[in-house]
Amino acid sequence: TPDPLITEVQDWASGLGDGVDATPYGLPIEHEADVVRRNVEWLTADTISSINFTPIHALDGTITPQGCAFERHHSGAIELRKEDYRLMINGLVDTPLVFTYADLERFPRENRVYFCECAANSGMEWAGAQLNGAQFTHGMIHNMEYSGVPLRTLLEEAGVNPAGKWVYVEGADASSNGRSIPLEKAMDDVLVAFKANGEALRKEHGYPVRLVVPGWEGNMWIKWLRRVEVMDQPVESREETSKYTDTLADGTSRKWTWEMDAKSVVTSPSPQSPIKHGTGPLVITGLAWSGRGAITGVDVSVDGGKSWTEARLAAPGTDKALTRFYLDTNWDGSEMLLQSRARDASGYVQPTKAQLREVRGLNSIYHNNAIQTWWVKASGEAENVEVS
Amino acid sequence: EKFGLGRPALPKEIAAWDLDVAPDGTGVPKGSGDVFTGEEVFAEKCAVCHGDFAEGVGNWPKLAGGQGTLDHDDPLKTVGSYWPYLSTTWDYVNRSMPFGDAQSLTPDEVYAIVAYILYSNDLVDDEFVLSDATFNEVELPNADGFILDDRQEAEAHFWNPEPCMENCKESVEITMRAMVLDVTPEEDRADAPADVEPVQDAAAEQPAEVSDEVVVALDPELVAKGEKTFRKCKSCHQIGAGAKSKTGPILNGIIGAPAAHVEGFRYSKAMKAAAEDGLVWDEAELAAFLAKPKTYMKGTKMSFAGLKKDADIEAVIAYLKAATAE
């Protein structure tokens with residue numbers, strides 16, 4: 001039968017749409033209202049000190065729109081006007097300095113795309129398959145193009161003393177989140193960023209200025225950055241001792257585990273993105289990333305890791321940024337145990353859950369980069385499972 | 001290359017922001033506090049979330065206990081069982097606590113609170129006085145419990161130039177299902193219609209009489225001011241659509257409501273008794289309560305110190321009305 005959507009004149013083909021003044025700053029169309037950040041209420045005591053998740057199951061490409069990029073804050077997302085913004089460089093420097101926002105815009109600037117992943121991403125999955133959706137298991141990640149000034153430029157402006165070995169970076173919000181970063185990293189690729197994806201940072205991502213620490217855990221990407229202190233020792237702040245340390249099975253804990261290991265996940269099909277079209281052509285897609293450099297390849301398995309097929313990268317992997325992969329396949333309607341396995345420029349291969357647990361036990365909380373399995377059933381629905 | 005941008009930071013400015021304390025005690029100011037004082041300060045400013053004995057309330061962090069559990073399933077990580085340095089506790093309390101009222105404590109109060117946290121972890125006796133002089137005498141039990149990142153060595157086998165591509169395992173069985181544990185938030189299941197609004201908590205439905213009360217137009221400036229003041233309350237109380245009881249009860253419809261009216265919330269004995277005596281939260285009663293909760297009602301669970309300024313109380317009440325009406 002002829003399709004009435006074609007044979008009948010539709011309202012939108014006859015009447016008029018919105019004028020150019022309808023939405024001066026655009027919003028997603030209402031039909032995409034389910035593509036939003038979501039939080040898991042029982043995870044934390046209060047949403048003010050909490051985290052939500054990027055809807056990675058519903059996105060494509062690699063750039064995360066700011067409006068649905070995950071948030072994590074410890075004392076709420078504060079409002080700090082550019083006019084009230086001050087950045088101090090102090091400690092072991094020749095001249096302690098204060099910069100205004102306007103000062104920052106006068107330094108030579110760079111544009112770089114990097115992923116930011118919370119160290120606790122997939123943390124709920126250490127002891128077993130828990131949350132039924134890629135958004136919840138892997139959604140503490142986003143990937144943006146940042147515009148900003150290298151931290152090195154600002155440190156050189158103040159003049160770093162030879163005794164300086166660390167920088168302590170802290171935010172302006174009530175949590176005073178502060179982290180110690182080795183000077184070597186601070187002088188390498190760290191950015192003091194004020195734009196993301198071309199627009200001003202969002203309040204929840206640290207407007208007007210945040211730190212970008214490529215490849216390292218998201219907690220170090222200080223938001224509302226207000227101070228950088230050059231020091232001869234690390235502060236050992238709450239966020240680098242009592243949190244963001246990885247407890248092993250014997251009770252000792254690793255610290256300074258800053259680098260994010262190579263990781264990947266199939267975003268579709270997945271529990272929140274089931275196959276609805278039946279058998280035939282099927283696009284399997286997902287994301288891969290590594291804190292140690294570029295992604296060099298991603299393998300996909302449909303049989304729970306018995307055999308692997310190299311996926312197609314949408315573009316060659318770039319340094320410490322998300323890479324999109326596709327496996328264009330033909331689904332015969334049989335069950336799949338769907339997995340992806342990332343490989344990076346350092347030669348690292350994403351481990352299985354069993355391999356990771358063998359080294360780290362079950363209590364690490366942070367840095368779970370194990371291979372994820374989705375059980376795709378004949379109905380096309382998918383479930384988070386673990387396999388032998 | 002120097003650009004000549006920025007200006008020198010003044011000593012007073014550096015002193016205002018450079019507050020961090022290092023493990024060797026660098027950065028602690030002069031001052032002292034004893035366990036007994038700490039118990040009082042803790043009860044007033046910390047216990048609402050962390051419990052009278054630092055045992056934690058609900059999902060809020062436990063600060064005491066857990067020694068010897070780090071190699072167990074779900075270890076209990078507290079200042080006593082896990083934190084390596086006393087400086088971290090002092091620094092965090094000083095700069096980030098109390099939640100919602102950070103940087104309001106004097107150095108002596110911080111010393112006292114930290115002394116009490118040590119006491120509640122059985123690390124000092126009740127005579128103990130923590131000060132800048134005794135600071136470096138305290139060693140925490142798990143100081144040696146940390147190793148530097150050793151992934152390159154301990155996980156060297158994850159670097160593999162030729163990962164298996166074919167016949168990597170003989171058989172594959174499903175060993176664990178998320179659907180069995182069933183902890184995924186309800187509205188996000190694949191089988192749920194995508195456009196369903198999240199279900200509102202039934203407790204958040206507003207009492208009918210509230211809407212009748214808000215006939216007088218509220219001064220938007222006062223409401224905005226009240227919203228700011230309400231930040232002090234937010235760590236425990238929620239208000240508006242979707243609000244839920246947390247450490248404190250939801251506040252929808254509080255103005256004019258009988259005391260202890262939120263179903264399912266566990267009120268103090270004192271509050272229940274007041275309710276039985278017919279206490280109604282009209283503006284005058286609420287203002288008196290907010291000024292000094294513990295004086296107004298001995299035994300209330302609300303450990304908030306109180307709003308000192310009448311203007312703040314007026315503003316918060318205006319906000320409570322407005323936020324309920326939204």
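In the text below, chain A, chain B and the rest are named by the order of the sequence lines, each starting its count at 1.
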Any side-chain to backbone donor/acceptor pair from [X] onto [Y]? Under 3.5 Å, distance only.
| X | Y | value |
| --- | --- | --- |
| A:S176 | B:R95 | yes |
| B:S96 | A:S175 | yes |
| A:S388 | B:E173 | yes |
| A:E157 | B:G4 | yes |
| A:D299 | B:M165 | no |
| B:T175 | A:E386 | yes |
| A:N90 | B:D18 | no |

| Under the side chain to side chain contact (heavy atoms under 4.5 Å, CB included) criterion, do B:F99 and A:H74 qualify, and how do the steps go? | CA-CA 9 Å; B:F99 190 61; A:H74 299 75; over 6 Å; no
Quick one: what part of [X] sits under 4.5 Å from any heavy atom of chain A, side chain, backbone, both or neither?
| X | value |
| --- | --- |
| B:F3 | both |
| B:E170 | backbone |
| B:V21 | backbone |
| B:H72 | backbone |

Are [X] and [Y] ion-paired here, with the side-chain N under 4.0 Å from a carboxylate O?
| X | Y | result |
| --- | --- | --- |
| A:R238 | B:D91 | no |
| B:K244 | A:E41 | yes |
| B:R177 | A:E383 | yes |
| A:K255 | B:D149 | no |
| B:E155 | A:R360 | yes |

Shortest non-hydrogen contact between [X] and [Y], atoms and distance:
| X | Y | value |
| --- | --- | --- |
| B:P23 | A:E236 | CG-CG, 3.5 Å |
| B:G6 | A:F99 | CA-CD2, 3.5 Å |
| A:N363 | B:D74 | OD1-N, 3.4 Å |
| B:C164 | A:W308 | O-CD1, 3.4 Å |
| A:R343 | B:P163 | CD-CG, 3.8 Å |
| B:T88 | A:S237 | CG2-C, 3.5 Å |

Does any backbone or side-chain atom of [X] lie under 4.5 Å from a heavy atom of chain B? Answer side chain, backbone, both or neither.
| X | answer |
| --- | --- |
| A:Y168 | side chain |
| A:E229 | side chain |
| A:A172 | neither |
| A:R227 | side chain |
| A:A127 | backbone |
| A:R341 | side chain |

| query | Should the pair A:R226 and B:W17 be classed as cation-pi, given the thresholds of under 6.0 Å to the six-membered ring centre and 45° from the axis? | reply | yes
Under a 4.5 Å cutoff for heavy-atom pairs, which residue among [options] has the most contacts with chain A?
| options | value |
| --- | --- |
| B:M97, B:R151, B:K2, B:E166 | B:R151 |
| B:A9, B:A102, B:P8, B:G100 | B:A9 |
| B:D150, B:N167, B:D101 | B:D150 |
| B:P161, B:G58, B:P75 | B:P75 |

| From A:L248 atom CG to B:D71 atom CG, the distance as rounded to the nearest 0.5 Å | 11.5 Å
| Inter-residue atom distance B:T26.OG1 - A:M231.CE, 0.5 Å rounding | 7.5 Å
| said: Is any side-chain heavy atom of A:Y348 closer than 4.5 Å to one of B:Q152? | reply: no
| said: Taking the side chain as everything from C-beta on, heavy atoms only, tell me whether A:V349 gets closer than 4.5 Å to B:F158. | reply: no
| query | So, A:T241 versus B:Y82: side-chain donor-acceptor pair below 3.5 Å or not? | reply | no
| query | Any chance the side chains of A:T247 and B:K77 put a donor and an acceptor closer than 3.5 Å? | reply | yes
